[in-house]
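The sequence lines fix the lettering, A, B, ..., with proteins before strands; numbering per chain opens at 1.
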Amino acid sequence: MVGNIKKGDAKEIIETDFIPVDYSHFDWQEENYVRIIGRNSDGKRICLIDKFEPYFWAIFKKETSEKKIKEIQKNIENIKIESENRTTEIKKTEVHDKHFLGQKVKAIKIFITNYKDAHPVADKLDFPEIEARREYDIPLITRYIIDKKLLPLHQYKIIGRNVDLDFEFGSLARVLEVDSCLFIQKISSIKESEELSPKIVAYDIEADELEIGKGDITMISLVSKNFKKVLTWKKTKSRQDYVELCKDEEDMLKKFVSYVKKLNPDMLVGYFSDGFDLPYLRERAEKNKIKLSLGLDKSQPTFMRGRVPSGRISGIVHIDLFRFIETVYSQYLQSETLGLNEVALEILGEGKKDFDKTRKSNKIREDEWEDYFEYNLQDSILTYKLAEKFWPDMQEFCKIIQEPLFEITRDSMSQLLENYILHRLDSYDEITDKRPLHDEISTRRQRKKVEGAFVLEPKAGLYENIAMFDFSSMHTSIIVSFNISKATLLEKPEKNVHESPEVELNGKKSKFYFSKELGFLPDMFKRLVEKRKDCKKEYKENPNPVTKARSNAFKLLSAAVHGYIGFFGARYYSIESSASILAFVRQFNKETIEKVKKAGHNVIYSDTDSVAFTMEGKTKQQVLDLLKKLNSELPGMMELELEDFYKRGIWVTTRAGGFGAKKKYALIDEKGKLKIRGFETVRRDWCKLARDLQNIILQKILKEGNEISALEYLKEIIKKLKERKVDKEDILIRTQLKKPISEYLSITPHVIAAKKMEEQGIPVDVGMLVKFFIAETKGNTKLVREKVKLPDEKGEYNLEYYLGHQIIPAVENIFEVFGITKEDILGKKQKSLGDF
DNA sequence: GTGCGTGCCCTACC
DNA sequence: ACCGGTAGGGCACGCAC
């Protein structure tokens, strides 16, 4: 179905299929245009250009008369703003019946020449009849996608005319490295559409200094399908054919650009590349006085400021895979850090090559460079493989959220959800509410915390035959069932409305009321949760990477709803809603506990949306019947599910008060699979020795139902510790550095470790995991921090510390359940370290 | 000088 | 600035005795 795609033949009409990948906008003759880069099914790279007509809304107060509206419309049409180099005028206006926050309103759609004029024009509209001005803060591309329905990664049929490269859009279209450039005339959807098979290129650099641009870049690796390359200027013999020797750094940078052009990727993927590789390349290009013209329009990468700067390459989607994995996948990863090595090991079963690159390159021996190249190449190989692995996830998020790949791989969860909402408001005829400004954000941030969920204190002990119920998507199903949102919140109680339990907000106790007329957000969230259920079912029936990714995307979005409503940066923030939702959460949780008790069970534990209880001799069927009964009593779309049946479970006391410890338990299911929550086993800031020990002890106790062999095992480990046979790796403590060293008020062991690293010239970054161990020291110091040593420092581990502060604390409360005390473990008579 | 409460800090659960 | 409330627990520190 593809026409004869070639550049030239100005104005010729072309028809082609097309999948949008990269979106940007530009100004020409003071007007806004959108430029979309994508592919057709022949793999040709096509650029589409479309006109964008910017507009925003002015919403009238309820009682405004038709006459007054017409009058104001005229006034608005006459607005002119003179600025230094141009005059801003209103192109046209239209009066529409719309909805705003669920209310029917009359609103004027105000079309302006240039998107940039939206704010100044909006500021001019100070008519008393105008209640609000909205949508001047919607990003241009978002608006374009919503209005034209040209969704990223969907396939379309496009009819367009060849752009006259000599006359239209200045040199913009002419310099573009694409197969064809069309001005859009018609977009139509395709029924049996194809998916994009993206061309991915992964890259990675090695540099002498970690500070951006400070040292030379010694090598750059590039990996794509059937392609691998390491570029370097280091003159050393290499037997590997993938190593290409460049004259100098400048030549290497130029070759990098030319290889990227030759490979012609849709996506250029790095790992941490927003924060390291791309800005480094850009800086070094500048130092070498050359242009890093990676863009399809030969432009250099640009960096948008944000929490982390985002590196954008015109026409090619630059993806920092780390950022995407961090938001959408980190909760599923066991890895303690999200570094390339650990993530790749867990997901691909393959890690980085072993190479000590902490040395400056002049310290690297001639014969070691070969390994360094291989190390560098491997990083790109891993990045490439991860990109392939996560492509279904990126694709599904992109299709569901309907924002471009560049955005969805960098957005936080609440931004993703907000974009999901923005792209669906059209079907409710809703005008989008505004993004909070600085003052509003600080007010929101200053408010007192609202009371959260309820957690039941467990009674410590070993339990047999346990069942657990939990509410599915509890917060979201409460929102839907009680129609909770900013727009459905009523100012005062009315007849026949939803009423929240009493909540305390800013020191005042009150109830909140929500209309029973279905709100657009509750309706949208209802669809979201239903979609989540459908996709979960789809995945179970047909498990594959795509259905898994889709199911996961809807799961994450459903789970983010409540957080979004209470998030200070949200357009649809509503603290009254958030407080009400949490009050309902507490109420339903407590009611469920009571009902389960009343049915004759012993409720052991409960946290937020779950209840764990013993079977008390009842059959599984009886428990399922109870579940059915409880469900029949729940309102709306609220639903209680069976989490699972468990053979045994253990709850312990807190170290401090001897109360039952919350958020800390271990269960074993009927297949022998363990579910461990909160214990040191799952905490990365405990040493491996203590964690592994605790894990095995929990396993033995839960499998066997008693402590006998667990105790034997413990004694073995203590013996091994005392004989100093424990590996160094197993006694390392890892703690994250959450802020710069200087900002710490209290100087803890991990801060000391970080300081030591700094002294040794090891780069210390915020967010890094600091590794250290507690060593035997001379003198009579009490402070742990004075015994801190870095992993490669000489010294014996501190026996007393590891016994008294790692091993014993990790198991003490577990054995206490069986009436075995610390003294029993260590030998009764000895005050210090007894021997067995 | 010890011992305990408190604040800081980190990390987990949901 | 990028979901937030609930919770456990280690370490340092300062006050009470």
Gap between atoms [atom1] and [atom2], on [X] and [N] respectively (whole Å):
| X | N | atom1 | atom2 | value |
| --- | --- | --- | --- | --- |
| Arg445(A) | dG4(C) | CZ | P | 8 Å |
| Glu743(A) | dC9(B) | CD | P | 10 Å |
| Ile676(A) | dG8(C) | CD1 | P | 19 Å |
| Tyr802(A) | dG10(C) | OH | P | 15 Å |

Pick base, sugar-phosphate or nothing for [X], based on heavy-atom distances below 4.0 Å to the nucleic acid.
| X | answer |
| --- | --- |
| Tyr801(A) | sugar-phosphate |
| Ala560(A) | nothing |
| Arg435(A) | nothing |
| Val561(A) | nothing |
| Phe679(A) | nothing |
| His475(A) | nothing |
| Lys739(A) | sugar-phosphate |
| Gln415(A) | base |
| Tyr564(A) | nothing |
| Lys663(A) | base |
| Gly678(A) | sugar-phosphate |
| Ile565(A) | nothing |
| Ile441(A) | nothing |
| Arg677(A) | sugar-phosphate |

At under 4.0 Å, does any side-chain N or O of [X] touch on OP1 or OP2 of [N]?
| X | N | value |
| --- | --- | --- |
| Lys662(A) | dA12(B) | no |
| Arg785(A) | dC8(B) | no |
| Thr748(A) | dG10(C) | no |
| His750(A) | dC9(B) | no |
| Tyr665(A) | dA7(C) | no |
| Tyr744(A) | dC10(B) | yes |
| Arg447(A) | dG5(C) | yes |

*Closest approach of Ile421(A) and Tyr572(A), non-hydrogen atoms and distance?*
CG2-CE1, 4.1 Å
*Shortest non-hydrogen contact from Glu396(A) to Ala549(A)?*
CG-CB, 3.9 Å
Closest approach to the side chain of [X], judged atom by atom: which nucleotide of [options] is it?
| X | options | result |
| --- | --- | --- |
| Val784(A) | dC10(B), dC2(C), dA12(C) | dA12(C) |
| Lys449(A) | dT6(C), dA12(B), dT11(B) | dT6(C) |
| Lys738(A) | dG4(C), dT11(B), dC8(B) | dT11(B) |
| Asp685(A) | dG5(C), dC10(B), dA12(C) | dC10(B) |
| Glu680(A) | dC3(C), dT11(B), dG9(C) | dG9(C) |

*On DNA chain C, nearest-nucleotide positions of His438(A) versus Pro809(A): which is more 5'?*
His438(A)
*Pick from Phe679(A), Tyr605(A), Tyr646(A): which one makes a ring pair (Phe, Tyr, Trp, His ring centres under 6.0 Å) with Tyr665(A)?*
Tyr605(A)
*Does one side chain, of Ser578(A) or His562(A), offer a donor that lies under 3.5 Å from an acceptor on the other?*
yes
_With no hydrogens and no angle check, just 3.5 Å: does a side-chain donor-acceptor pair link Thr476(A) and Arg532(A)?_
no
*Test ring pair (Phe, Tyr, Trp, His ring centres under 6.0 Å) on Phe613(A) and Phe469(A) and set out the steps.*
CA-CA 9 Å; Phe613(A) 55 91; Phe469(A) 290 162; 4.9 Å; yes
_Could you tell me if Lys728(A) sits above the aromatic ring of Tyr797(A), with its cationic atom closer than 6.0 Å to the ring centre and no more than 45 degrees from the axis?_
no
*Indicate, yes or no, whether a donor-acceptor pair under 3.5 Å links the base of dT11(B) to the side chain of Arg684(A).*
no
